Amino acid sequence: MKKLINQPEDFVRESLEGMAAAHSHLIQVHFEPTFVCRQDVPLVNKVAIISGGGSGHEPMHTGFVGMGMLDAACPGEVFTSPTPDQMLAATQKVDGGAGVLYIVKNYSGDVMNFEMALEMARCEGIRVRNIVIDDDVAVKDSLYTQGRRGVGTTVLAEKICGAAAERGYPLDKLVELCRRVNLNGRSMGLALTSCIVPVRATPTFTLGDREMEVGIGIHGEPGRQRLPLKTANEIAEMLTLSILEDSGYTRIMREWDEEQDGWIDIEATDFPFQPGSNILVFVNGMGGTPISELYIIYRRVAQICSQHGLNIVRNLIGSYITSLEMEGCSVTFLQVDDEMMDLWDAPVHTPTWRWGV
Amino acid sequence: MKKLINQPEDFVRESLEGMAAAHSHLIQVHFEPTFVCRQDVPLVNKVAIISGGGSGHEPMHTGFVGMGMLDAACPGEVFTSPTPDQMLAATQKVDGGAGVLYIVKNYSGDVMNFEMALEMARCEGIRVRNIVIDDDVAVKDSLYTQGRRGVGTTVLAEKICGAAAERGYPLDKLVELCRRVNLNGRSMGLALTSCIVPVRATPTFTLGDREMEVGIGIHGEPGRQRLPLKTANEIAEMLTLSILEDSGYTRIMREWDEEQDGWIDIEATDFPFQPGSNILVFVNGMGGTPISELYIIYRRVAQICSQHGLNIVRNLIGSYITSLEMEGCSVTFLQVDDEMMDLWDAPVHTPTWRWGV
Amino acid sequence: MNQEQILRWLQRFATTIDKNKEYLTQLDAAIGDADHGINMERGLKKLQAQLPTLEDKDIGTTLKSASMTLISSIGGASGPLYGTFFLRASAAIAGKHELDEHDMLTLLQAGLQGIVERGKTQLGDKTMVDALYPAVLAFAQAVQDGKLMQEAMQLTVAACEQGMISTKAMQAKKGRASYLGDRSIGHQDPGATSLYLMLKSLYESV
Amino acid sequence: MNQEQILRWLQRFATTIDKNKEYLTQLDAAIGDADHGINMERGLKKLQAQLPTLEDKDIGTTLKSASMTLISSIGGASGPLYGTFFLRASAAIAGKHELDEHDMLTLLQAGLQGIVERGKTQLGDKTMVDALYPAVLAFAQAVQDGKLMQEAMQLTVAACEQGMISTKAMQAKKGRASYLGDRSIGHQDPGATSLYLMLKSLYESV
Ligand SMILES: Nc1ncnc2c1ncn2[C@@H]1O[C@H](COP(=O)(O)OP(=O)(O)O)[C@@H](O)[C@H]1O
Ligand SMILES: Nc1ncnc2c1ncn2[C@@H]1O[C@H](COP(=O)(O)OP(=O)(O)O)[C@@H](O)[C@H]1O
Ligand SMILES: [Mg+2]
Ligand SMILES: [Mg+2]
Ligand SMILES: [Mg+2]
Ligand SMILES: [Mg+2]
């Protein structure tokens, strides 16, 4: 294992300390329990947005804390969900009276820990709602699995909902928007190499020199399929077609119902990708892949989109939701309406993104 | 070799085609000869800035073409200088009558090719000046080497001078500013792994599992020293102290003199880093290192700066001047005055950076 | 079973996890993300450090404290699950200083119920439930058969081990392993394994 | 030496580079960035494709065209250096259809001068100059000694080879290799090697 680290156990803390030193005008970093929040919280009468998950996906989520995006992020150990006490502390810190939205990726750990946190926050009298992002088309069925994982769409939902919260959307409308983003977003990813969890010091899986792992999540877990290494064009085609040819996926989402003051199950189905649609294409690097290669993937993805009559109206190319130093990429398509596009373009100022200001 | 590529020979072209598809509102990509320029060139009465060099360092330089930064970038083959015909074509395309500045990294190939291009552009009646960036403290002497290489300071010079050109600085003042940035900037880098040039398909050098290569350039060439792998803190200390303890370096810079209409040699010495100085710290990833590790490096660099009485007034953390998928990092310190800081903060809109707009 | 034995259980659980940290992580590497041993060890080390402060507490309070510690330190999927197990268990025997066989059954059933609700898990999903459920069933049967704590626990652990082993043949339908489809078959579930270690520690402490 | 021989030279230079592409790149990998063979081959393949269009041109025009092609296709450090060599050489014998020994000396001297100026190189810097300089010296001596083209060239190539080999022992002071300090010692300079191949091709074409 070759990494720029000190003691493996200190990886998360020291990386956060580095962020604190670098971005003290934008964010606060708290320890015990660990969370990162905007410098200017709580914002009175603004809905606060909190996300979180295992570390190792940087810049997500900590790099997205700031004006126009997240109010707080709760980083766990590497690839391990954060714990409810972190989320509760963050919730208490950022709540400005208009309620809090948890944007949660669909991993059993994240989901359960955020659910516990929500229950605790309710006990403290704070309004909280949750949306689970599950956009990974590598997972075909929701009946015999934990359901689709939350991947690339999470980044887009955080930007879009963050802008909406900044504009003053109330909690209910924000929940509705976030759900809509999720149902319009689909992703598919692939690894060329494994990553190494610092405290483990050996690769999580081993791939032959001419192999790739297709349909991966973002935790270094093995994917759905191991295939012989293909060219960038073939890879772009495979990922794009997995997204476009996926038939509407139905899942049962567990959301907090404020009226019943309890959990309810909501059934929801993806919106299919229609020719003529406006889409945002996100080509994401897994952490160890240089951006030059991502452009080669984007090149072919754009060609395929145009063949399928899809209009790419926005794009995002870079390593934003990563698995440590893993080489590989994922592709996310988000079908956008005017409202989403407008919110995408809205000002943002975080350690990772800054535009419009 | 595992990369997201098609044919290795098509790497540069296809990556540029991807950029063209992604950023058509910002940039134009030309082939035969190859160069990338702003969508809105030529800008009448604005000095145009052109940079370039081998490919494989993305996002530098192509990702820095746009408002407030470069007017054009000339990418060569991977790690190979571009050719004078590229630079000449770019020069003719972007010149708006106020002249052109070439920002050149000190590599024999880049320097000689840009010199030839400058001579050719002069024949076409275009005013061109050149500044060579040589900021790499790994190189101790200028007498027995090609002199210090141009590394991290190049990125900073492009941002600062790009903003100045946007504000209407005339060519002479811009040359003076760029020279001043260079003389106030110092860098030192290190590799944990080698990169692989696509057409070669094997690593340029091999490092043992517990070794690192210190004092590297950005072309996958071996560095000055091979050492046992160290912790992030030790690495940060080593890089930072190399920069701070470096005594003033004197070089002879070959610049074009417009009055004599010929080359002249200018001797110039670095400005030492004084306690109390304001500095911009740039922790750069080499392409395959995740940003979480860069923050661990930054953490220690910031501690050392404060021990040395240096005020970090701006920072930049990310992979901006890379060597394909190499793992490792470099650290750049730039001593900034108010003018430079103001220009650093000025609006920019390129494929890589966008702020203030 | 008294408070001293409960503390001995938690102590033993902690040392067993410590000893099996690598093993659990290896199991998780095969079908998950290679951190189950690390997660459990992080939580149980915290719990272990806390044990001395619990010596004069009742069992309910002890298990509640354990729950809070595990919830806030394990993380991942197993954190809320083990946390919920102890939280529900503590509520079920609140205030007690001594547990008879019936109390123990109540405790185990409440814990199981908590995990099932939190995880929305069914038997056969290849999770810790597949180890815990047959164990609780065996304990209930033993109690019904009039067995005393020691013997009932022995039967319970045996059933738990069987349950744990049975996860090998299952295809995961919950947790990360579910994403592997039938590639998860043939590997023993890490959570079922740590759960077996928990009950084995309990048995060894009575 | 006539135009046909000049074209044969360039043709032979191209095929030799093609054959030695890997070798030159290996040399560059040791002390540079592992692309010298690739760069040279890219340029000479372009030149080779262009040769048929040059058949009825004079030698000056031919070398000027070669120069432009090499400048715009080799890139790196070697592009402007080889480009300048041919540019200056072409200017020195502009308009000629036939070169005698004195013309050839003029050509070589002009080319050498061009490389030295462009590269700001001195003898002993471990560059292509260390192969070219002794070669030009040997040619000048041979011409002074009244040797004819063939024999003069033979002596030149031998001196060039010696020069090329001598770079092994040198510490690089120009180009990328200079950054290695004394780690560059013991490796033959790739540019000196390709330059030797160029003169060897010239000899084989007279
Ligand atoms: N929904 C669930 N219900 C019950 N147990 C589950 C569920 N999801 C996961 N588990 C258990 O958690 C174990 C994995 O725990 P751990 O590796 O610590 O967490 P993570 O999967 O978040 O990395 C699995 O082996 C399984 O026994
Ligand atoms: N300043 C210089 N003067 C003369 N020759 C040089 C100079 N710099 C480099 N060279 C020659 O160029 C060769 C390297 O060429 P090449 O590998 O194609 O370019 P690059 O170094 O840009 O990758 C060296 O082996 C050396 O002979
Ligand atoms: Mg985990
Ligand atoms: Mg090169
Ligand atoms: Mg796990
Ligand atoms: Mg080279």
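Side-chain atoms are counted along with the backbone in the values below, which use heavy atoms only and exclude waters and symmetry mates. Computed from a predicted model, the values in this text were never measured in an experiment. Chain letters run A, B, ... following the sequence lines, proteins first, then strands; residues in each count from 1.
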Kindly compute the distance separating [atom1] ([X]) from [atom2] ([Y]), expressed to the nearest 0.5 Å.
{"X": "A/Gln7", "Y": "B/Asn233", "atom1": "CD", "atom2": "CG", "result": "9.5 Å"}
{"X": "B/Glu327", "Y": "A/Glu325", "atom1": "CD", "atom2": "CD", "result": "6.0 Å"}
{"X": "A/Gln303", "Y": "B/Glu17", "atom1": "CD", "atom2": "CD", "result": "7.5 Å"}
{"X": "A/Leu4", "Y": "B/Lys230", "atom1": "CG", "atom2": "NZ", "result": "14.0 Å"}
{"X": "A/Ile317", "Y": "B/Met19", "atom1": "CD1", "atom2": "CE", "result": "8.5 Å"}

Check whether [X] gets within reach of chain A through its side chain, its backbone, both or neither, counting any heavy atom under 4.5 Å.
{"X": "B/Met286", "result": "neither"}
{"X": "B/Thr289", "result": "both"}
{"X": "B/Ile5", "result": "both"}

May I ask you to test the [X]-[Y] pair for a side-chain heavy-atom distance under 4.5 Å?
{"X": "B/Trp355", "Y": "A/Val357", "answer": "no"}
{"X": "B/Pro351", "Y": "A/Tyr295", "answer": "yes"}
{"X": "A/Trp353", "Y": "B/Arg354", "answer": "no"}

Looking at A/Glu58, A/Lys3, A/Glu14, which hits side chain to side chain contact (heavy atoms under 4.5 Å, CB included) with B/Ser292?
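Exactly one candidate clears the test, A/Glu58.
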
Residue [X] versus chain B: region with a heavy atom under 4.5 Å:
{"X": "A/Thr322", "value": "neither"}
{"X": "A/Leu192", "value": "both"}
{"X": "A/Leu207", "value": "both"}
{"X": "A/Asn315", "value": "side chain"}

Can you tell which of B/Ile312, B/Thr231, B/Asn6 has the highest number of heavy-atom pairs within less than 4.5 Å of chain A?
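Heavy-atom pair counts peak at B/Asn6.
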
Pick from B/Met212, B/Arg210, B/His23: which one has the most heavy-atom pairs with chain A under 4.5 Å?
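Answer, by heavy-atom pair count under 4.5 Å with chain A: B/His23.
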
Verify, without hydrogens or angle tests, whether B/Lys2 (side chain) and A/Leu229 (backbone) share a donor-acceptor contact under 3.5 angstrom.
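Answer holds: no.
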
If you count heavy-atom pairs under 4.5 Å with chain B, which of A/Leu294, A/Thr352, A/Asp209, A/Ile235 comes out on top?
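Winner by heavy-atom pair count: A/Asp209.
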
